[in-house]
Amino acid sequence: MNPSDNKRKVLMINTGGTIGMRASDQGYRVEPGFLEQQMRSMPEIRTPEMPEFEIQDFVPVIDSAQMTPAHWQKIANRISEHYDAFDSFVVLHGTDSMAYTASALAFMLEGLTKTVILTGSQIPLCQTRNDARDNLITSLLLAGSYDIPEVCIFFGAHLFRGCRATKASVYDFDAFQSPNYLPLGEVGTQIRIFEHRMLQRGDAKFNAASLSPARLGTFRLFPGVSAEVLENLLSQPLEGLVLETYGVGTGPTDNKEFLDVLHRACSRGVVIVSCSQCEHGTVSPRDYAAGTALADAGVVSGVDMTIEAAIAKLHYLFNQNLTSEAIRARIGKSLVGELTPIQTN
Ligand code: ASP
């Protein structure tokens with residue numbers, strides 16, 4: 001686990017994002033090759049303690065607001081194609097949808113035994129004052145020195161499990177949080193990596209799963225929510241829904257129409273996952289009658305998953321050739337450390 005003497009080979013996949021953007025009349029915009037051009041004038045990334053690395057740009061590079069599951073597949077395939085030739089992987093990515101991509105890759109890269117780190121920045125590398133340089137250098141150092149068999153996000157001062165992270169600030173350099181799981185690493189004057197918090201991997205063979213997008217939605221509850229609006233959303237072709245419930249998983253269950261809409265959708269096979277509007281803590285639906293009624297209608301608990309992880313997990317499970325019942329049964333189980341298993345005694 002300690003930094004090794006042998007130089008590792010890191011593949012850096014540049015998908016785009018602020019880190020490599022250039023200022024224009026319309027605000028920051030992506031430009032092919034611009035990041036690599038900037039990096040050529042950084043002698044510090046070629047010092048002896050840095051790993052060897054190669055950069056491959058996405059064609060085209062994109063603002064992460066344009067990400068789709070097809071892009072997740074492209075990243076997963078790129079990692080898979082180069083899995084044997086490189087020791088670890090750094091994925092440069094915009095911050096806006098980074099937590100979704102990290103969550104999706106965590107599920108798609110089955111049997112991962114190498115380090116995959118997503119990073120980006122709030123200010124582009126080309127600006128005099130920026131967070132891009134530190135995020136880039138530290139991600140490369142981490143990927144080149146430590147065995148972290150997970151998809152992670154490194155940003156600011158923290159290394160997070162990717163499927164536990166969420167973008168929490170448009171302003172701070174420490175832009176991400178992992179509300180329900182402690183960081184895998186902390187970076188200050190020293191680099192501290194917490195091995196005991198990492199996933200324990202079995203001996204499954206590495207495989208980049210294929211993912212065709214499921215038809216999913218999210219719906220945030222609020223006082224006075226319309227059952228009719230929800231019913232429209234739940235109608236065909238929707239297959240899965242993340243329902244953003246109150247607190248420990250409650251909703252307006254005195255509204256019979258609302259409850260009936262949910263019940264009918266669940267009976268048709270729509271998988272409805274309850275995730276809390278509170279960032280910290282877990283869904284525990286049977287703590288209140290207003291949650292028990294949702295569970296009885298067929299809504300399953302997303303435990304303490306982030307919305308990003310719940311969406312990615314639904315996409316992944318809908319590609320596993322499972323019945324809706326089997327998908328529901330897997331939602332509350334940890335597949336890649338995306339949730340904290342409920343203690344049952
Ligand atoms: N809009 C940018 C993106 O997500 C924001 C960023 O990278 O920070 O690509």
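From a predicted model like this one, the values you see are computed outputs, not experimental measurements. Read the numbers this way: they start at 1 and go in the same order the structure lists the ligands and their atoms.
Contact check for F219 versus V225: side-chain heavy atoms found under the 4.5 Å cut-off.
Below 30°, between 30° and 60°, or above 60°: for Y316 and F107 the angle between ring planes is below 30°, a parallel geometry. Between H196 and F194, the ring-plane angle classifies as perpendicular under the 30° and 60° cut-offs.
A donor-acceptor contact under 3.5 angstrom links the side chains of T166 and E308, judged on distance only.
The backbone N or O of G337 sits less than 3.5 Å from a side-chain atom of R164, completing a donor-acceptor pair.
Taking K114 as the reference, nothing meets the side-chain hydrogen bond (donor to acceptor under 3.5 Å, both in side chains) condition, with sequence neighbours excluded.
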For ligand 1, which of its N or O atoms have a protein N or O partner closer than 3.5 Å, and how long is each gap?
from: ligand 1; atom 1: 1 (N); to: D63; atom 2: OD1; distance (Å): 3.0
from: ligand 1; atom 1: 1 (N); to: D63; atom 2: OD2; distance (Å): 3.0
from: ligand 1; atom 1: 1 (N); to: D96; atom 2: OD2; distance (Å): 2.8
from: ligand 1; atom 1: 4 (O); to: S64; atom 2: OG; distance (Å): 2.5
from: ligand 1; atom 1: 4 (O); to: T95; atom 2: N; distance (Å): 3.3
from: ligand 1; atom 1: 4 (O); to: D96; atom 2: N; distance (Å): 3.0
from: ligand 1; atom 1: 4 (O); to: D96; atom 2: OD2; distance (Å): 3.4
from: ligand 1; atom 1: 7 (O); to: T18; atom 2: N; distance (Å): 3.0
from: ligand 1; atom 1: 7 (O); to: T18; atom 2: OG1; distance (Å): 2.9
from: ligand 1; atom 1: 7 (O); to: T95; atom 2: N; distance (Å): 3.0
from: ligand 1; atom 1: 8 (O); to: T18; atom 2: OG1; distance (Å): 3.1
from: ligand 1; atom 1: 8 (O); to: T95; atom 2: OG1; distance (Å): 2.4
from: ligand 1; atom 1: 8 (O); to: S121; atom 2: O; distance (Å): 3.2
from: ligand 1; atom 1: 9 (O); to: D63; atom 2: OD1; distance (Å): 3.1
from: ligand 1; atom 1: 9 (O); to: S64; atom 2: N; distance (Å): 2.7

